[in-house]
Structure formats: C-alpha cells, structure tokens
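Some notes on the structure that comes next.
Residues take their numbers from the sequence shown, with the count starting at 1.
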Amino acid sequence: MDFPCLWLGLLLPLVAALDFNYHRQEGMEAFLKTVAQNYSSVTHLHSIGKSVKGRNLWVLVVGRFPKEHRIGIPEFKYVANMHGDETVGRELLLHLIDYLVTSDGKDPEITNLINSTRIHIMPSMNPDGFEAVKKPDCYYSIGRENYNQYDLNRNFPDAFEYNNVSRQPETVAVMKWLKTETFVLSANLHGGALVASYPFDNGVQATGALYSRSLTPDDDVFQYLAHTYASRNPNMKKGDECKNKMNFP
C-alpha cells in the first residue's frame, strides 16, 4: 500500500499548478505570494502602489538576480489588465509566471532567458476595474475604467498632445515605477481586438503624421517584434477579428 501513496505524493505538485480560471484579487495575490515564497531565488514580489480602492498593484520580478539591476542584464516589463474588462492578458501573465519558474533549470531556453534578462510582470494595472466586471466581452463594459471612471490607457502624458486629465493613482504609480528601473523594452497586453500596435499611435500635423504612421528611432525593432508576434498567432496571421468587433477610439 505504501507504493501508490509514494507516487501520489510525487505527482501532487504537478496537479496543484495554476488553474485555468479567472483569478480575482485575493486569488491572484495568493498565487503571487506562493510563487515568491517557493521560488525566492529567482523571484521578487513587490507592490508599486495602490489603486483608488486601496488594492495593491503587484509586480513579480523573475530573473537570476531578481532584487537588483546588474550591468549587462536588460530590464523588460509586461503590463496587463490596464482596462479592467480586458481580462485575458491578466491570466496570460499569471500563467507566464507559472511557466517561467517551473521551467527554470529544466528548459534550456527558459533557463537562458532567466539568466540573461530581468523580467518585471504586472498582471493587473486596474484591479478595481477587474473586480467590477460582471461578464467580460468585446464591448465596453463596467470595469473598463478605474474606480474613478478614468480610462487608464489615456491617462498618461502624450508625446504630441497636452493631456490635462487628472492623473489617477494607478497611473502615477506606474510613472514612478518607470523612473526606478532602466527598462529597455515592454509589452502591454489588451483584449477585444487582434492587433499588435507600437509607438507612436498619433502624431502632429506639422510632421505630416497626424493621420498616418509616426515613426520612432526604434521603428525597425518595433516592426520586427510586431511582425514576429502576429505571424505566430494563427488568427492574427489570417486577419480574423473578434466576432463582436467595435472600432476602439
């Protein structure tokens, strides 16, 4: 009878992996804290601030030196759930965390990534909005904005236009965070449309880029990354769109 019990014990960590469900704030926090505790040598969990309702804006850092910058180790960040009702990105980043820490030392590619990059992962920039969502879909719904009803995606300073909207706590926290790290690249995960966009989305009439592409010095890099991502997504490659597609402003 001892033999089957031994195998059950060995298999238990595998079946206890992150489940494929939406995780509310309490569940997300529990998962992040468990990862930080169980994989303390390659992770560092910290809050960069609070939402309007006082919820922590968690960031989990994954890397061989998770608590400090090292020369020659680039800093990369992922942010998701900026719109509270765009929920898939939040879950993708939680599963990315799970995949990274459980593959370290087993998968050579992931091990090399953790050795050579410091990855900052913020699963939810808008936890208040997420908690307000009742039924996510491709249309605007309750929870898209933060608790104060501000669209956080349009709450940052703009490169070409004066944006005088009231800065929200979540936005201010991210802006301060950006000043504390030397990020070289980042990705922001949204939902509701199939598109890989990159800077800049707007321009000024004087440059002739008001209604067309406004190039950055790194345009070749952005184009390469966008094409690489889109070409490996079957639906994006075929040009498929969300069934309930709307023209997002």
Side-chain angles (χ1 to χ4, degrees), residues 7-51 55-82 87-127 130 170 173-190 221 225 228-229 232-233:
W7 277 104
L8 179 61
L10 292 174
L11 291 174
L12 186 58
L14 297 178
V15 299
L18 184 68
D19 57 327
F20 282 87
N21 287 302
Y22 289 113
H23 297 84
R24 297 220 173 254
Q25 186 75 4
E26 184 178 350
M28 181 180 72
E29 288 185 354
F31 168 72
L32 293 174
K33 289 178 180 179
T34 298
V35 169
Q37 180 179 0
N38 293 345
Y39 300 91
S40 58
S41 64
V42 293
T43 64
H44 171 56
L45 179 65
H46 65 109
S47 172
I48 65 166
K50 302 275 190 178
S51 68
R55 294 183 171 95
N56 278 304
L57 304 175
W58 292 110
V59 172
L60 187 84
V61 185
V62 182
R64 200 59 63 199
F65 307 101
K67 294 184 178 180
E68 61 183 5
H69 174 71
R70 292 292 182 97
I71 295 176
I73 303 293
E75 309 279 348
F76 181 92
K77 69 178 172 69
Y78 279 113
V79 176
N81 204 207
M82 176 181 277
T87 54
V88 174
R90 173 182 173 123
E91 299 305 321
L92 281 174
L93 290 190
L94 292 179
H95 282 278
L96 174 62
I97 290 170
D98 187 49
Y99 181 67
L100 290 174
V101 297
T102 58
S103 299
D104 182 36
K106 302 173 184 176
D107 184 315
E109 186 175 6
I110 298 301
T111 304
N112 180 62
L113 184 65
I114 292 176
N115 287 339
S116 61
T117 314
R118 192 163 173 246
I119 309 166
H120 304 248
I121 302 176
M122 185 182 196
S124 180
M125 183 184 162
N126 187 3
F130 180 88
E170 299 90 345
V174 170
M175 291 172 66
K176 289 181 178 179
W177 176 39
L178 298 182
K179 293 180 179 180
T180 66
E181 303 288 353
T182 54
F183 293 117
V184 298
L185 195 64
S186 66
N188 192 320
L189 304 185
H190 287 258
V221 176
L225 292 173
T228 300
Y229 180 87
R232 284 162 173 73
N233 183 307

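- Taking 4.5 Å as the limit, some side-chain heavy atom of His120 sits within range of a side-chain heavy atom of Glu75.
- Taking CG of Leu32 as the start and OG of Ser124 as the end, the distance is 10.5 Å to the nearest 0.5 Å.
- Under 4.0 Å is where a charged nitrogen must lie from a carboxylate oxygen, and between Glu68 and Arg70 at least one such pair does.
- Taking both residues in full, the closest heavy atoms of Leu45 and Ala36 are given as CB-CB, 3.8 Å, listed atom of the first, atom of the second, then distance.
- Checked against Met125 for a side chain to side chain contact (heavy atoms under 4.5 Å, CB included), the options Val79, Leu57, Val59 give a single hit: Val79.
- Smallest separation of non-hydrogen atoms from Pro66 and Ser41: CD-O, 3.7 Å.
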* Asked: After noting the C-alpha distance and the side-chain angles of Phe20 and His95, does the key distance pass the side chain to side chain contact (heavy atoms under 4.5 Å, CB included) rule?
  -> CA-CA 9 Å; Phe20 282 87; His95 282 278; 3.7 Å; yes
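- Between atom CG of residue Asn21 and atom CG of residue Leu94 there is a gap of 12.0 Å, rounded to the nearest 0.5 Å.
- Trp177 has its ring centre less than 6.0 Å from the ring centre of Phe183.
- Between Thr43 and Leu100 the shortest side-chain heavy-atom distance does not fall below 4.5 Å.
- Using a 4.5 Å heavy-atom cutoff, the side chains of Arg90 and Tyr22 are not in contact.
- For the pair Glu181 (side chain) and His69 (backbone), a donor-acceptor distance under 3.5 Å is absent.
- At least one side-chain heavy atom of Ile114 sits less than 4.5 Å from a side-chain heavy atom of Val62.
- A distance-only check finds a donor-acceptor pair linking the side chain of Asp107 to the backbone of Glu109 [under 3.5 Å].
- Between Trp58 and Glu29, some side-chain heavy-atom pair lies under the 4.5 Å cut-off.
- Between Tyr78 and Leu96, the shortest heavy-atom distance links the atoms CE1-CD2, 3.6 Å.
- Contact record, Arg118 with Ile73: N-CG2, 3.7 Å, taken as the closest heavy-atom pair.
- Scored by the ring-ring contact (aromatic ring centres under 6.0 Å, His included) test, His23 finds no partners at all (sequence neighbours excluded).
- With rounding to the nearest 0.5 Å, the separation of CG in Leu92 from CD1 in Ile121 is 11.5 Å.
- Using cut-offs of 30° and 60° for the angle between ring planes, the His46 and His44 rings count as parallel.
- Annotation for Asn81 and Pro123: closest pair CB-O, 3.4 Å, computed over non-hydrogen atoms.
- Note that CZ of Phe31 and CG of Leu60 are 8.0 Å apart. Values are rounded to the nearest 0.5 Å.
- Considering OG1 of Thr34 and OH of Tyr39, their distance stands at 10.5 Å, rounded to 0.5 Å.
- Pairing each heavy atom of Ile110 with each of Asp104, the nearest pair is CG2-N, 4.3 Å.
- At least one side-chain heavy atom of Val221 sits less than 4.5 Å from a side-chain heavy atom of Leu225.
- Proximity of a side-chain donor or acceptor of Asn115 to a complementary backbone N or O of Thr111 within less than 3.5 Å is detected.
- With rounding to the nearest 0.5 angstrom, the CG atom of Leu18 is 10.0 Å from the OG1 atom of Thr102.
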